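Notes for the one structure printed next.
Order of the sequence lines sets the chain letters (A, B, ...), proteins ahead of strands, with each chain counted from 1. Note that the structure is a prediction, hence the values are computed from the model and not measured.
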Amino acid sequence: MRLSRLPLTTLKETPADAEVVSHQLMLRAGLIRMLAAGLYNWMPLGLKVVRKVETIVREEMDRSGAVELLMPAVQPAELWRESGRWEQYGPELLRLADRHQREFCFGPTHEEVITDIARRELKSYRQLPVNYYQIQTKFRDEIRPRFGVMRAREFVMKDAYSFHLDSASLDETYEAMRLAYCRIFDRLGLDYRYVRADSGAIGGALSHEFHVLADSGEDEIVYSEQSDYAANVEQAPAPAPQSPRPAPTQEIIEVDTPGQHTIEEVSRFLGTPPEQSVKTLIVRGEEDSSLVALILRGDHRLNAAKAAKLDGIRSPLYFADEAEVREKLGCPVGSLGPVDLDLPLYVDASAAVLSDFVCGANREGVHCTGVNWGRDANPDQVCDIRNLEDGEPSPDGSGPVRSARGIEVGHIFQLGDKYSQAMDCTVLDPDGKQRIVTMGCYGIGITRIVAAAIEQNHDEHGIIWPDAMAPFSVLLCPIGADRDAAVRDVAEILYRQCRELGIETLLDDRGLRPGVMFAEADLLGIPHRVVISPRTLEQEKLEYRHRRGRDESEEVPINGLAEFLGERITPR
RNA sequence: CGGGGCAUGGCGCAGUCUGGUAGCGCACCUGCUUUGGGAGCAGGGGGUCGUGGGUUCAAAUCCCGCUGCCCCGACCA
């Protein structure tokens, strides 16, 4: 394509409301434009990247034996009532009414519709297993859309749903999907991990998430370097304490700690290590007005997902605010402690084996030292409610874990019969009996992948597309084409040659000054850049540079360029 | 939804405190010069100052309401 014909507006300055690099660069490079909160226009160059991702996903899904279909984005409420989710789903579900006041929703996901299809179409076990997929626009009315296309309200997703007679068959398809996902992310050129995920409401069913590693990721994952263990911290068990609780050696003493609230402040003030203290967090209990206390060792971090799963604690986890704590417990949050605290005490296992520890005295400016369980306070429940930290033993015993941040781009899980049961999706088995089918479902965030790829592949000058996702493979940059006929002619010849070779090529024929052209080239991130200028043309040469090696360029003979690029680019 | 902030040309901002008829940089258009890392000079176009009301001789500026957006928390591809 000729750049002169691509309506492209780039921004030299970073838009003020873009927080993460991918969002900033996507706006600056003219890939997307915001329409409203969480709604984005995909501009021509951006859409090309989306299509690249879709194509790879489609190829690998097809290769895995899945079959593509397309369901409506708008879905009737009746189906959602059948599954029970019309009531459960909450405000994230965008509900609509048509002119007859019939209720619909804009699909955030398609379990109901696909199960309805399956129960109509699938009559015999002979038709199983089957794995349907689609690539389609979803809408989720997120509480807080942010980070551009990374957490948009409307987004493109590949969703697949498989149907099986038994769990052995489900296991097979699940594994096939896991492998297909690995091939997809490998081909996209992304650094990713798949991790065991919190299966949440679905119960004990198997679930894996695929994360692109990036510091800006919203999820924390832990993985072992010695084995293939990897998990979302939300569900990685913390190691049990090694040794039993030592006997008390100190008496409980109240000490004045004026103005000291955080664990660090109190530890420094008293000269005790943070791991010898305990922090107390107040969250909602299952009844609306009830509160419970979570007790953690001072240096540990609360794991909200684990805590929310415990009986007696409201899910999702909901913190009491500062004012409520003051009103009901009579002190600021920074002065809380388990001693004489009239709330159920959920104590993390690592905090429960401390003796002679430090904690708040439930009075402003006062802490207790020499506190001991049994004598000074009693846990109501000892549990695992903390994060597994970097460097701690891996749950599979393979050595220490590393911790990293990730962007969730894929999620596969075994649904079981949740929807098939509720919606009566059955087939006849070999014995002629009606059997409820069992299901799996498999999602990939297509548009999120585009943002995640940029988070992982950029420098201070702009985007560096992985080859498989680049909107174009080659960018031809003629310098001084308006003054030098040779430059112009060579550029045109190369442009034609490249296209004949099936290489997706962008010709910058806008006649810009070199500085501007190079700055835009870096911003757009096309992998292979070829400069045509009088300087090298004299020696019948061109200047080649890969976007990744910004400071290393090499000279290539004009008539050798086709071969040179052919070795580096797989034609499409 | 709770807490904080912002709304002035396409983008980034100043002007608001102390009311006096809108300005800067980038981008855009024209001309000349320039041409290997976001050029220079000259000229030019474009703004109901988010919106509705109020105060006032006079409102971007003061007061009240509404809307939109961003940031921090719980949800997810």
* Nearest-angstrom distance, P atom, B/G4 to B/A27 -> 39 Å
* Mind checking the P distance from B/C11 to B/U51? Whole angstroms is fine. -> 15 Å
* To do: Report the nucleotide, chosen from B/C76, B/C72, B/C13, that has the shortest atom-to-atom distance to any side-chain atom of A/Asp219.
  => B/C76
* C1' atoms of B/A60 and B/U18, separation to the nearest Å -> 15 Å
* Scan A/Arg28 against the nucleic acid and name what it touches under 4.0 Å (heavy atoms): base, sugar-phosphate only, or nothing. => base
* Centre of A/Trp42's six-membered ring, under 6.0 Å away, within 45 degrees of the axis: is that where NZ or CZ of A/Arg51 sits? -> no
* Asked: What interatomic distance, in whole Å, is found between C1' of B/A22 and the corresponding atom of B/A14?
  -> 11 Å
* **Gap between atoms CD and P, on A/Glu455 and B/A77 respectively (whole Å)** => 19 Å
* Determine the minimum heavy-atom distance between A/Glu455 and A/Ala214, stating which atoms define it. => CB-CB, 4.0 Å
* Separation of atom CZ in A/Arg144 from atom P in B/C75, rounded to whole Å -> 14 Å
* **A/Arg314 CZ - B/G73 C1' separation (whole Å)** => 13 Å
* Look at all strands and tell whether A/Glu19 reaches a base, only sugar-phosphate, or nothing, counting heavy atoms closer than 4.0 Å. => sugar-phosphate
* To do: Establish whether the base of B/C76 is bridged to the side chain of A/Arg151 by a donor-acceptor pair shorter than 3.5 Å.
  => yes
* Asked: Which nucleotide in the set B/C76, B/G38, B/G73 lies at the smallest distance from any side-chain heavy atom of A/Ala519?
  -> B/G38
* Asked: Nearest-Å distance, CG (A/Leu8) to C1' (B/G10)?
  -> 14 Å
* To do: For nucleotides B/G68 and B/A77, find the distance between their P atoms and express it as a whole number of Å.
  => 27 Å
* In Watson-Crick or G-U wobble terms, both distances under 3.5 Å, what is the partner of B/A42? -> B/U30
* To do: Measure from the side chain of A/Arg146, starting at C-beta and using heavy atoms only, and say which of B/C69, B/C72, B/A77 lies closest.
  => B/C72
* Which value, in whole Å, describes the distance between the P atoms of nucleotides B/G20 and B/C49? -> 15 Å
* Whole Å only: how far is the CE atom of A/Met43 from the P atom of B/G10? -> 15 Å
* Whole-angstrom distance between B/G50 and B/G9, as gauged at atom C1' -> 14 Å
* State plainly whether the residues A/Asp459 and A/Arg547 are in salt-bridge range, i.e. N to O under 4.0 Å. => yes
* Asked: Among B/C1, B/A77, B/G12, which is the nearest nucleotide to the side chain of A/Ile143?
  -> B/C1
* is_close_aromatic(A/Tyr181, A/Tyr194), centroid dist under 6.0 Å -> no
* To do: Look through every strand shown and name the nucleotide pairing with B/C1 as Watson-Crick or G-U wobble, where both distances are under 3.5 Å.
  => B/G73
* To do: If a protein heavy atom is under 4.0 Å from the base, mark B; if only from the sugar-phosphate, S; if neither, -; do that for nucleotides 25-34 of chain B going 5' to 3'.
  => BSS------B
* B/U16 to B/G3 separation - C1' atoms, rounded to the nearest Å -> 26 Å
* **A/Tyr89 OH - B/C75 P separation (whole Å)** => 13 Å
* Rounded distance in Å - OH (A/Tyr181) to P (B/A77) -> 10 Å
* Asked: Whole-Å distance between B/C76 P and A/Leu93 CG?
  -> 14 Å
* Mutual orientation of the aromatic rings belonging to A/Tyr442 and A/Tyr174 [parallel < 30°, tilted 30-60°, perpendicular > 60°] -> tilted
* Is A/Phe155 stacked on the base of B/A77, with ring centres under 5.5 Å apart and planes under 30° apart? -> yes
